[in-house]
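Remarks on the structure that follows.
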Number of protein chains: 2
Amino acid sequence: MSGLSQTLTRAEQRCQQQGGRMTTQRKQVLALLLSQAGPQSAYQLLAQFKHQYQANAQPPTIYRALDFLVQQGLAHRLSSTNQYLACGHITCQHDHQGTLFLLCDTCGGVQETPLLKGAVSQLQQQLGREGFQVQHEPLLEIHGRCASCAVA
Amino acid sequence: MSGLSQTLTRAEQRCQQQGGRMTTQRKQVLALLLSQAGPQSAYQLLAQFKHQYQANAQPPTIYRALDFLVQQGLAHRLSSTNQYLACGHITCQHDHQGTLFLLCDTCGGVQETPLLKGAVSQLQQQLGREGFQVQHEPLLEIHGRCASCAVA
DNA sequence: TTTGAAATGTTATAACATAACAATTTCATG
DNA sequence: CATGAAATTGTTATGTTATAACATTTCAAA
Ligand SMILES: [Zn+2]
Ligand SMILES: [Zn+2]
Ligand SMILES: [Zn+2]
Ligand SMILES: [Zn+2]
């Protein structure tokens, strides 16, 4: 568990490697994502951004920053809930071949885990069977109930 | 490949078995879904519905019908594209344990296939490891390029 | 220091979805 | 058949998510 500033530094390094420019604004949005436990909507982020950084900010400001962060692999978009979160693997190697998001419908939390090799190869088998070519790492979202919520 | 009316009849049977009421309106929306090759947005469906069935229909009409059809397992919602399509397995047994949607980013088409046992069990392993309990069949959406588009 | 690409600011609007309440239909029961 | 509760549909309004379009500023390379 690295601290926030360490993570931001690491994120900046990743951007440089990938030819992305980590501006102040983008870093602020990433910091907002990192400072929250769970995933957030773009408009929730906008509200926080206005409160903490720039009172007159507009939606495009947030959406542009999020698009950039997603492109750089520093954040993810959850399409099943229209939410965004910081990648849970900014400070580790993150060289997996797909990501599995476990979305708890009870508490709203998300667990991000790399897709295990076995699952990847099974899915690849299915894709090959259909002649389907994947361009980006698949992001799979599964809804259910997390371990904490299952206890209660 | 069953005909449209056969499929609608089968859908009606499924509703009865499951305690759902297949009304005229709902059948009309399902017919629209079935008459199209690819997935469609709710507002595209609304436009067609207005044109073919009821000129003054409003969004809730379509969304309610879609909600019903999805509940009954006769249609699916693609959360990554905000689109809807008829289930490709209305006339077959459809007792699979999950569905994989292959979304072609080039032509916009979708291939719906049951998740193979191997993939299901690999995913279950990962879920178990996290103590995560799934409530409904997972619907997985993977983007890429379909076989037809790969040729061109 | 020019200069052009990238980023940001700003206004407006498009696209997706649901809340709330009224009216109607359905259907089991008396 | 009468009738009332539940489900469906009609209708208006609004909430939520996302982007188009164009002006302005920033920034790094030539
Ligand atoms: Zn990640
Ligand atoms: Zn939970
Ligand atoms: Zn299906
Ligand atoms: Zn295609």
Side-chain angles (χ1 to χ4, degrees), chain A residues 11-12 15-33 38-50 52-72 74-85 103 108 141, chain B residues 11-12 15-16 18-33 38-50 52-72 74-85 103 105 108 141:
Chain A
E12 211 158 1
C15 284
Q16 283 176 351
Q17 287 169 15
Q18 298 164 349
R21 200 187 295 174
M22 177 59 97
T23 63
T24 303
Q25 207 173 67
R26 290 164 172 175
K27 210 181 297 185
Q28 288 168 340
V29 172
L30 179 55
L32 286 176
L33 287 173
Q40 301 162 85
S41 78
Y43 277 76
Q44 286 177 321
L45 289 163
L46 175 58
Q48 293 172 52
F49 187 83
K50 289 168 78 163
Q52 289 201 34
Y53 299 114
Q54 201 180 133
N56 60 333
Q58 300 300 319
T61 295
I62 296 302
Y63 280 102
R64 285 163 177 164
L66 289 172
D67 287 349
F68 171 83
L69 294 171
V70 168
Q71 267 190 342
Q72 298 291 314
L74 299 170
H76 299 295
R77 176 170 190 272
L78 300 173
S79 66
S80 65
T81 58
N82 297 321
Q83 289 177 312
Y84 301 81
L85 40 42
L103 294 87
E141 303 176 26
Chain B
E12 210 157 3
C15 284
Q16 283 176 352
Q18 297 164 350
R21 201 186 293 174
M22 178 59 96
T23 63
T24 303
Q25 206 171 69
R26 289 164 173 174
K27 209 181 296 184
Q28 288 169 340
V29 172
L30 179 54
L32 285 178
L33 287 173
Q40 301 162 86
S41 78
Y43 277 75
Q44 285 177 319
L45 289 163
L46 175 58
Q48 294 172 51
F49 187 84
K50 288 168 78 165
Q52 289 201 32
Y53 299 115
Q54 202 180 130
N56 61 333
Q58 300 300 319
T61 296
I62 296 301
Y63 279 104
R64 285 164 176 163
L66 289 172
D67 286 349
F68 172 83
L69 294 171
V70 167
Q71 267 191 343
Q72 298 290 315
L74 300 171
H76 300 294
R77 176 170 190 273
L78 300 173
S79 67
S80 65
T81 57
N82 298 320
Q83 289 176 313
Y84 300 82
L85 41 40
L103 293 87
D105 292 327
E141 303 175 28

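Computed from a prediction, not measured in an experiment: that's the story for all the values here. Only this structure's heavy atoms are used, side chains among them; waters, hydrogens and symmetry mates stay out. Naming convention: chains lettered A, B, ... in sequence-line order (proteins, then strands); numbering from 1 in each chain.
The side chain of A/Gln54 contributes an N or O atom lying less than 4.0 Å from OP1 or OP2 of C/dG9.
One atom, CD of A/Gln16, and another, P of C/dA6, lie 18 Å apart when rounded to the nearest Å. Regarding B/Gln58, its CD atom lies at a distance of 17 Å from the P atom of C/dC16, rounded to whole Å. One can place CD of A/Gln71 at 13 Å from C1' of C/dA7, the figure rounded to the nearest angstrom.
Under the side-chain hydrogen bond (donor to acceptor under 3.5 Å, both in side chains) criterion, B/Gln72 pairs with no residue, sequence neighbours left out. Partners of B/Thr61 under the side-chain hydrogen bond (donor to acceptor under 3.5 Å, both in side chains) rule, at least two apart in sequence or in another chain, do not exist in this structure. Scored by the ring pair (Phe, Tyr, Trp, His ring centres under 6.0 Å) test, B/Tyr43 finds no partners at all (sequence neighbours excluded). Residues satisfying the side-chain hydrogen bond (donor to acceptor under 3.5 Å, both in side chains) test with A/Asp67, not counting sequence neighbours, are none. Applying the ring pair (Phe, Tyr, Trp, His ring centres under 6.0 Å) test to B/Tyr63 and every residue at least two apart in sequence or in another chain returns nothing. Partners of A/Gln40 according to the side-chain hydrogen bond (donor to acceptor under 3.5 Å, both in side chains) rule, which considers only residues two or more places apart in sequence or in another chain, are A/Gln48.
Taken residue by residue, residues 23-30 of chain B places no heavy atom nearer than 4.0 Å to DNA chain C.
A side-chain donor-acceptor contact under 3.5 Å links B/Glu141 to the backbone of B/Ser79.
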Side-chain donor-acceptor contacts of residues 21-31 of chain A below 3.5 Å, not counting sequence neighbours, with atom names and distances?
residue : atom : partner : partner atom : Å
A/Thr23 : OG1  : A/Arg26 : N            : 3.3
A/Arg26 : NH1  : A/Arg21 : O            : 2.7
A/Lys27 : NZ   : A/Glu12 : OE1          : 3.2
A/Lys27 : NZ   : A/Glu12 : OE2          : 3.1

Report summary line: Expected string for nucleotides 13-30 of chain D under the B/S/- scheme (protein heavy atoms, under 4.0 Å, primed atoms plus P, OP1, OP2 as sugar-phosphate) is ----BBBBB-----S---
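Taking the nucleotide of DNA chain D with the nearest heavy atom to each of B/Asn56 and B/Phe68, the more 5' of the two is matched to B/Phe68.
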